[in-house]
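Owing to the predicted nature of the structure, the values given are computational and were not obtained by experimental measurement. Ligands are counted one by one from 1 in listed order, and the atoms in each one are counted from 1 as well.
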Amino acid sequence: MQKLQTGDHNLVKQINKSIVFGLIESKGPMSRAQISKNTGLNKATVSTMVSELINDSFVYEIEAGQSSGGRKPVMLYFNNHTGYSIGIDLGVNYILGVLTDLSGNIIEETTRDLNGIEFDYVIENLISLVEALIEKAPQSTYGIIGIGVGVPGNVDKEDKILFAPNLKWKQVDLKQVIENKFNIPTKIENEANAGSHGERLYGAGKNISNIIYISIGIGIGTGIIINNDLYTGSSGISGEMGHFTIEANGRKCSCGNRGCWELYASESALLRAAEKHDLSKKEHKIDLDYLINEAQIGNTEVLQLLNTLGENIGIGLTNIVNTFNPEVVVIGNRIAQFETWIANPIDHVLEERLSTYHKDSTEIRFSKLGKRSCAIGASSFSISMFLSDKRVSVR
Ligand SMILES: [Zn+2]
């Protein structure tokens, strides 16, 4: 038999350590004996790995378990406060930032409205928001372990923003700008991809393998999860379903196409329709809050607009369900607040237009994380990067 090389020993050790850590992280609290039983690793190996994880401050132990007569078992916990992560949802007209622990729980949250889309203006706001979140972070061993940013545009595999039509940004290296400023590892991702990641880990897509996440805000983006993996295409820019045509001779879109889905089924489509109907009676600014209020008090014109919006969303969903046959479609981002009024029209359209087989196998859900899906998902990307780094680090 061939003798293992030193490198192989290190690799085996790293793998074992990852297995032990992964188990405590996902199934903890657990005792060393339970870990040994679950993993098949012998007790000495488990003890060594656990000691290292405690030294690294990823795990801590508490002698609190009950045992029948004998010694009380020592239980091991994932120390999810050993570092903190920042997640940013860079919208077109707002920035939402969260500070989370290493399990994705929100510690702090802050939002800023944006009144412009010029790069310098947006970056200035983004940086001061990140600074505010860093200041709020409790003391910890690793401090801020990463910054994740979800952006409304195409992001390539090197994290470069190729094109963000609603921000009118092209070829922007946001990762470099943030890393230069804060010296913290930064991950840039398309906002719908980040949202789908957040919903799959903690929200409406939990434990589902095939999900299409539809982020409906100013525009429409989609995150595609196939067999538990985010599908990003050959160069990282898949999922631009907001720009498939639903009206052959429709209006011209900023993407270059005509009659794009997002021109009829997004937040901007709703606001434009409301302005056209002169719904404000000149007293109020027409925004989403105003429309929600009006819908709640039964303003029939607003209800009619929301019905049309729901139908238009349903038309796009028909194409998506026919293409992907997903287990679950999650509707998220800011339009999800209108669930009460758009859920039925969406269902009616799917009922009319989908084949029985598709209707039976796909469920439409609304986001559970609400407007926070993208920020939490972006933070989770940073956490995954940090942990995978640590799990295989050679000590
Ligand atoms: Zn378009």
Could you walk me through whether Val155 and Thr232 pass the side chain to side chain contact (heavy atoms under 4.5 Å, CB included) check?
CA-CA 10 Å; Val155 178; Thr232 56; over 6 Å; no
For the Zn ion (ligand 1), how many protein N, O or S atoms come closer than 2.8 Å?
4
For the pair Phe381 and His197, evaluate side chain to side chain contact (heavy atoms under 4.5 Å, CB included) and give the outcome as yes or no after the intermediate values.
CA-CA 8 Å; Phe381 277 129; His197 190 58; 3.7 Å; yes
Can you name the residues that form a side-chain hydrogen bond (donor to acceptor under 3.5 Å, both in side chains) with Glu240, not counting sequence neighbours?
Asn154
If you apply the rule side chain to side chain contact (heavy atoms under 4.5 Å, CB included), what do you find for Val329 with Ile214, and how did you get there?
CA-CA 7 Å; Val329 172; Ile214 323 276; 3.7 Å; yes
Note: His358 and Val321 closest approach over all heavy atoms is CE1-O, 3.4 Å
May I ask you to check whether Phe58 and Phe78 place their ring centers less than 6.0 Å from one another?
no
